[in-house]
Amino acid sequence: MQLLNTERHLAGSQLDWLAPFPLLCGVGLVVAYGLLGSSWLIMKTQGHLQQQMFLLSRSLLIGLLVAIVLVSIWTPLAHPQIAERWFSLPNLIFLSPVPLLTALLGWNLYLGLQKQDTYQPFVMTLLLVLLGFCGLGISIWPYIIPPGISIWQASSPPQSQGFMLVGALFIIPIILVYTCWTYYVFRGKVSADDAYH
């Protein structure tokens, strides 16, 4: 599908998203976030709700792995430049850890759900989502809006980036400290007796 015409204006309709591939990606993303939520609840709850989340997480894991496999097959078949990036030498060797680690994490997540581990499912799901975004980044690099706008074309002027960097250097440590404090305050399991949840 051609996103930009020769004058670099959007070429397409408002319903281009209503095609099989974007819908598959959307469903896969919803399933991934559903798995993140259910594995978070496994970590934070106990009893009946936790058992329900173990069951739900198994189904969501299967759905996520199916979506990952389908997108991973469909993308290089639809875009030869992405197929060349992943399957040409030496890239095939350098990039092979991504699908191998994805399979390993999926298996570890399945085992963690089978033995009803409390923390492993959430950590494995986080890493699966991270690897999914790494694969996306590898596939479309250096384009932000494939196939026409690269990361350098979409970036703001150096002066704006410098201003944002200075702001980020001040605000990111505050955000990290606040996030760590929040995780510390709300650590442990949630029970019905806790008034702060």
Side-chain angles (χ1 to χ4, degrees), residues 17 20-77 82 86-87 91-141 171-197:
W17 63 271
F21 185 72
L23 290 174
L24 171 65
C25 292
V27 168
L29 193 61
V30 168
V31 170
Y33 282 117
L35 184 56
L36 275 170
S38 65
S39 59
W40 170 260
L41 285 172
I42 287 171
M43 188 172 65
K44 296 298 286 181
T45 62
Q46 50 197 348
H48 181 67
L49 179 59
Q50 186 184 53
Q51 292 307 311
Q52 284 183 315
M53 291 303 106
F54 275 118
L55 292 173
L56 179 61
S57 294
R58 288 187 193 110
S59 301
L60 291 171
L61 173 60
I62 292 167
L64 179 60
L65 292 177
V66 167
I68 288 172
V69 168
L70 289 175
V71 169
S72 298
I73 292 170
W74 197 328
T75 303
L77 290 175
I82 293 176
W86 280 94
F87 300 115
N91 289 356
L92 181 64
I93 296 166
F94 293 137
L95 300 177
S96 62
V98 175
L100 294 175
L101 283 173
T102 301
L104 181 64
L105 289 172
W107 178 250
N108 279 334
L109 177 52
Y110 173 77
L111 292 177
L113 292 171
Q114 286 296 103
K115 64 182 179 182
Q116 298 202 345
D117 191 289
T118 304
Y119 296 100
Q120 185 180 3
F122 183 67
V123 173
M124 294 297 113
T125 304
L126 279 176
L127 292 173
L128 264 177
V129 170
L130 175 68
L131 276 176
F133 282 114
C134 287
L136 174 66
I138 290 167
S139 295
I140 66 172
W141 177 262
I171 198 69
I172 288 177
I174 294 170
I175 292 171
L176 291 174
V177 168
Y178 173 77
T179 303
C180 290
W181 175 252
T182 304
Y183 273 82
Y184 175 76
V185 168
F186 293 107
R187 68 194 180 278
K189 299 280 187 184
V190 176
S191 71
D193 300 329
D194 293 331
Y196 60 87
H197 284 287

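Starting from 1, each residue takes its place in the sequence as its number. Everything numeric in this text was worked out from a predicted model, so none of it was measured.
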Calculate, to the nearest 0.5 Å, the distance between atoms [atom1] and [atom2] belonging to [X] and [Y] respectively.
X	Y	atom1	atom2	result
L126	L35	CG	CG	9.5 Å
Q52	T45	CD	OG1	9.5 Å
L127	N108	CG	CG	10.0 Å
F21	L77	CZ	CG	10.5 Å

Qualifying residues under side-chain contact (heavy atoms from CB on, under 4.5 Å), relative to [X], sequence neighbours excluded:
X	value
P76	A83, F87
I175	I171, T179
T118	Q50, K189

Tell me, please, which residues at least two apart from Y184 pass ring pair (Phe, Tyr, Trp, His ring centres under 6.0 Å).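 With sequence neighbours excluded, Y184 shows a ring pair (Phe, Tyr, Trp, His ring centres under 6.0 Å) to W181, given in chain and number order.
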Show every donor-acceptor pair shorter than 3.5 Å between a side-chain atom in residues 56-74 and any protein atom, with sequence neighbours excluded, or say none if there are none.
from : atom 1 : to   : atom 2 : distance (Å)
S57  : OG     : S38  : OG     : 2.7
S57  : OG     : M53  : O      : 2.7
R58  : NE     : Q114 : OE1    : 3.0
R58  : NH2    : L113 : O      : 3.1
S72  : OG     : I68  : O      : 2.7

Ignoring hydrogens, what is the shortest heavy-atom contact between [X] and [Y]? Give both atom names and the distance.
X	Y	answer
K44	R187	NZ-C, 3.7 Å
I82	S139	CG1-O, 3.4 Å
L109	T125	CD2-OG1, 3.5 Å

Among all residues two or more places apart in sequence or in another chain, which pass the side-chain hydrogen bond (donor to acceptor under 3.5 Å, both in side chains) test with Q46? none
Output all residues satisfying side-chain hydrogen bond (donor to acceptor under 3.5 Å, both in side chains) with T102, sequence neighbours left out; order by chain, then residue number.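 With neighbours one apart ignored, the set is empty.
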Pairs where residues 27-63 contributes a residue and the test ring-ring contact (aromatic ring centres under 6.0 Å, His included) is met, not counting sequence neighbours: W40-F122
